[in-house]
J.: 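Pasting a structure below so you can have a look.
On a predicted model such as this, the values are computed, not experimentally measured, just so you know. Counting starts at 1 for both ligands and their atoms, in listed order. Only this structure's heavy atoms are used, side chains among them; waters, hydrogens and symmetry mates stay out.
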Amino acid sequence: MNTDMTVLVTGATGRVGRRVVESAEAAGLTVRAASRSGAVPFDWTDRSTWAGALRGVDAAHLAYLPDVGAPGAAEAVGAFAREAVAVGVRRLTLLSARGEDQAHATEQAVRDAGAEWTVVRASWFAQNLSEGPLLDGMRGGELVFPAGEVLEPFIDARDIADVVVAALTGGDRFTGRTLDLTGPRLLSFRQAVGEVAAAAGREMTYVPVSARDYGAALARFGVPAEEVEFLIELFETNLDGRNAKLSEGVREALGREPRDFADFAREQAEAGTWKA
Ligand SMILES: NC(=O)c1ccc[n+]([C@@H]2O[C@H](COP(=O)([O-])OP(=O)(O)OC[C@H]3O[C@@H](n4cnc5c(N)ncnc54)[C@H](OP(=O)(O)O)[C@@H]3O)[C@@H](O)[C@H]2O)c1
């Protein structure tokens with residue numbers, strides 16, 4: 001394990017990035033935590049921030065916002081990855097999404113940049129229900145989401161972070177690999193909300209809607225039209241059952257089982273995350 005390195009973590013205040021920072025620091029790496037509001041200023045849409053973010057960096061973890069498969073993602077990630085390699089960055093990890101065809105060009109841009117690379121394809125994060133845009137609905141006792149009754153292998157963002165750090169420090173074992181990461185259990189969104197409700201000791205319901213209706217609601221909240229169209233397509237394809245299977249990725253990478261959704265629900269309930 002090579003921990004004598006400085007790693008740039010993009011999306012460093014996000015659900016996964018924050019935990020990559022914690023996991024990397026715990027492993028003894030020097031971390032540059034980057035985002036628009038982060039300790040190291042970095043904006044995917046402002047190339048003037050890129051060189052400063054890359055200063056003194058040996059390895060970088062890439063998380064593209066708003067989504068790894070969004071329009072423009074492959075171009076921006078590819079340009080950044082090539083700039084990173086040009087200034088001496090040797091190793092890159094990319095947070096990608098399982099079953100997301102729209103993300104393939106972004107993944108390929110990282111593979112082609114000239115660094116040692118690992119693509120980490122993750123399933124749906126458990127933490128989507130405890131942090132970020134869905135939290136308000138959960139606190140209000142209702143998750144409205146276009147997932148029907150599809151089964152999803154919810155993964156704990158801490159496991160993704162641990163795999164990213166293993167890939168950054170683990171040398172050849174992870175180089176040139178695309179890792180498929182899931183949690184240990186398939187759950188419908190209705191079952192996931194049910195487990196959260198049981199852990200939180202309150203009533204919570206899941207309300208499935210169509211991707212089109214969900215997109216219309218996002219547009220009313222001010223999400224730009226192009227992003228809404230992308231998200232509708234993403235929900236219609238990525239939540240069609242293609243991800244309703246478990247993978248061995250976490251066990252292979254870390255030599256242990258992935259964390260279970262029930263543990264996430266219990267810990268977050270104890271922390272008061274879903275108090276009304
Ligand atoms: N949600 C899922 O279930 C899932 C599953 C698989 C893959 N993914 C992928 O995971 C990534 C999202 O990760 P996450 O959920 O951990 O993120 P998140 O919680 O949504 O947080 C977003 C992070 O990115 C930063 N950010 C936002 N816009 C930025 C910009 N223009 N330039 C630079 N930084 C920016 C934010 O900080 P600032 O506001 O300070 O910039 C923050 O650190 C996406 O690429 C998505 O495709 C998501």
J.: For ligand 1, give me the residues whose heavy-atom distance to it is below 4.0 Å, by chain and number please.
T.: Gly11, Ala12, Thr13, Gly14, Arg15, Val16, Ser35, Arg36, Ser37, Phe42, Asp43, Trp44, Tyr64, Leu65, Asp67, Val68, Leu95, Ser96, Ala97, Ala122, Ser123, Trp124, Phe125, Asn128

J.: Look at the rings of Phe145 and Phe189 and say which category their plane angle falls in: under 30° parallel, 30 to 60° tilted, over 60° perpendicular.
T.: parallel

J.: Do any pairs count as a side-chain hydrogen bond (donor to acceptor under 3.5 Å, both in side chains) and have a residue in residues 59-83, sequence neighbours left out, and if so which ones?
T.: His61-Thr93

J.: Quick one: side chain to side chain contact (heavy atoms under 4.5 Å, CB included) partners of Arg177, sequence neighbours excluded?
T.: Leu179, Glu252

J.: Identify which one of Glu152, Glu195, Glu149 satisfies the salt bridge (Lys or Arg N to Asp or Glu O under 4.0 Å) criterion when paired with Arg190.
T.: Glu149

J.: Kindly check if the number of other-residue, nucleotide or ligand heavy atoms within 6.0 Å of CD (Glu270) is above 12?
T.: yes

J.: Report, one line per pair, each donor and acceptor closer than 3.5 Å where one atom sits in a side chain of residues 224-233; sequence neighbours left out.
T.:
| from | atom 1 | to | atom 2 | distance (Å) |
| --- | --- | --- | --- | --- |
| Glu233 | OE2 | Gln102 | NE2 | 3.0 |

